[in-house]
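Accompanying notes for the structure given below.
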Amino acid sequence: MVVSSKNLFEKFNNSSLIVKGQRQALEPGFVPERLPHREEEAEHLAEILSPSLRNFKPSNVIIFGKPGVGKTSVVKFVENEMTKAIQSRLDAKIKIIDVNCGIVDNPYGVLLSVGDGLLESWEERLPFTGWPLEKLYNTVLEKINTFAGIAIIVLDEIDKLVRKSGDTVLYQLLRINETSNQGRVCILGISNDLRFTEYLDPRVRSRLIEETMVYNPYNATQIYDILRDRSMYAGIADSIDDSAMKTCAALAAQEHGDARRAIDLLRIAVELTEKGEEGRIVEDTIYEAKRKLERDVVVETVSTLPLHSKLVLFSISLIDEIKNGGSSTMGEFYDLYEKIADRMGVSSLTQRRVADIIGELSNLGLIDSKVQSFGRYGRTTTVTMNYGSSKIKDILSADEMLSQLKDVKPLQKSLPVS
DNA sequence: CATCCACTGGAATACCGGGTTC
DNA sequence: GAACCCGGTATTCCAGTGGATG
């Protein structure tokens, strides 16, 4: 091995030749100073929330829109602006509490986040489990009362919360305004799913949804503008071909106008270029970035799967291999899965549970599954692989526990001829 | 239109981390 | 600090259901 006399970090240290500005501008969480094609939405939201500056409770709002259409960005942007506005008015008592329901999706967690968001000092943090829900709720209520201002609770991915835990937390939060004589809460929900309100109790629905906003997907031109903006912030504008930027925008526009994906692509293209020699982002770099992104997503999702999901996926890929891309039925891969689990010395899950795992894998896009009826011969789910089974097996083999299965072959006789 | 297999929704159970009480 | 309470999560258990084919 050649050991250079230079410091090990030298080659990473000298800043990129491509990124001459803020690198964060290419990261998912970045909130720019202006939001191309979302100015009106930001203004509208600010208008809805503005009563809080005069100590009135604003209407509750729900923002709908597909992923990557700027919902969260607009909200974060307005939050920042509002924080600035509060600083110049000492009389306004406002707290903004962010809850990401994609992560915190149970009643206890949501109430806890609200309670912690109202804290004045670090010491009074609430226990993250253990208390009866009622006690937690009363504590939160008390805190809101002593705060005696307006708490704007931002529930990102509110649809996930409702789907998983129902609407009781929302009911409780809304009830604060009737019980509390001092503080007020305003709920700002962000949802990917237009229909989640169907799961709500009518009383909750009418009180929660006082205002709605629907953000439409961006088209290619709009994404192009966003990308140009971001490349300015990042200082990469001179290093990227216009055609590459257009391609990037076009690819993302095809996927429901998802600006986040466009920015992801751009970021990866930048990273690829930094490692390569050309020093310029061209159209091909974007396509290469796209392939890398897709590959990474599959590797990431497969390798972070829980053990039993991996085993199920493994069985499916084995059968897929034997049948040369054919589909397999519940009976087939469940038998195989049981054998594999047995060989590994772990107790197998029931078929019921495996049926759910199939649903999860299918949601992740790793497999396709559909229920098929064979008349007299009953009903079953058949699944097909979405990615090459050898590729999936490779990723799975990276798992220590599974590497020993590399050479497992299902017995031919266990597979009925289809 | 009966029949067959397993899909599917919900109740039940087990276990976990953590607080509370005595 | 043992025994118990609490809510969350994962899984199992059970029973009702679906739907095309023969």
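Chain letters run A, B, ... following the sequence lines, proteins first, then strands; residues in each count from 1.
Taking every heavy atom of both residues into account, A:S113 and A:I97 meet most closely at O-CG2, 3.8 Å. A pairwise comparison of heavy atoms in A:T380 and A:G331 identifies OG1-N, 4.4 Å as the closest pair. Closest approach of A:L305 and A:K310 over heavy atoms only: O-CE, 3.4 Å.
Ionic pairing of A:E274 and A:R23 is present here: one or more N-O contacts between side-chain nitrogen and carboxylate oxygen are shorter than 4.0 angstrom. A salt bridge does not link A:E157 with A:K71: none of the charged nitrogens is closer than 4.0 Å to a carboxylate oxygen. By the 4.0 Å N-to-carboxylate-O rule, A:R267 lies close enough to A:D264 to be salt-bridged with it. A salt bridge between A:E271 and A:K292 is absent, with no side-chain N of the basic residue lying under 4.0 Å from a carboxylate O of the acidic one. In this structure, A:E81 pairs ionically with A:K84, as a charged nitrogen and a carboxylate oxygen lie closer than 4.0 Å.
Between A:T350 and C:dT11, a side-chain N or O to OP1/OP2 separation shorter than 4.0 Å is absent. For A:T381, no side-chain nitrogen or oxygen approaches OP1 or OP2 of B:dA6 to under 4.0 Å.
Note on A:Q372: nothing from the nucleic acid sits closer than 4.0 angstrom, heavy atoms only.
Between the CE atom of A:M330 and the P atom of B:dC4 there is a distance of 20 Å, rounded to whole Å. Look at CG on A:D105: it is 13 Å from C1' on C:dG7, rounded to the nearest Å. B:dG9 atom C1' lies 10 Å from atom CG of A:D356, rounded to whole Å. When rounded to the nearest whole Å, the span between OH of A:Y137 and P of C:dG7 equals 15 Å. For A:Q172 and C:dG7, the CD to P distance is 11 Å, given to the nearest whole Å. Separating the OH atom of A:Y334 from the P atom of B:dA6 is a distance of 11 Å, rounded to the nearest angstrom. Between the C1' atom of C:dT9 and the CD atom of A:E360 lies a distance of 12 Å, rounded to the nearest Å. Note: CZ (A:R352) to P (C:dG16) measures 16 Å, nearest angstrom.
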Q.
Strictly under 4.0 angstrom, non-hydrogen atoms only: write out the protein contact profile of nucleotides 12-22 of chain B, one letter per nucleotide from the 5' end, B, S or -.
A. -----BBSS--
I'd like a table of atom pairs between the protein and nucleotides 17-20 of chain C - only N or O on both sides, under 3.5 Å - with the distance next to each one.
residue : atom : partner : partner atom : Å
C:dG18  : N2   : A:R379  : NE           : 3.3
C:dG18  : N3   : A:R379  : NE           : 3.2
C:dG19  : N2   : A:G375  : O            : 3.3

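For A:E178, the side-chain contact (heavy atoms from CB on, under 4.5 Å) partners two or more places apart in sequence, or in a different chain, are A:R175, A:R207. A search for ring-ring contact (aromatic ring centres under 6.0 Å, His included) contacts involving A:Y137 returns nothing, not counting sequence neighbours.
With a 6.0 Å radius and a threshold of 12 heavy atoms from other residues, nucleotides or ligands, A:E43 has its CD atom at or below the threshold. In the displayed structure, A:K93 atom NZ is contacted under 6.0 Å by more than 12 heavy atoms of other residues, nucleotides or ligands.
Taking every heavy atom of residues 153-168 of chain A and every atom of DNA chain C, pairs under 4.0 Å involve A:K164, by number. Listed in residue order, the members of residues 106-113 of chain A having a heavy atom less than 4.0 Å from DNA chain C are A:N106, A:P107, A:Y108.
When atom types are taken as modelled, the side chain of A:Y108 and the backbone of A:L136 share no donor-acceptor pair closer than 3.5 angstrom.
Remark: A:R38 qualifies as a cation-pi partner of A:Y215 under the 6.0 Å distance and 45° angle criteria applied to the six-membered ring.
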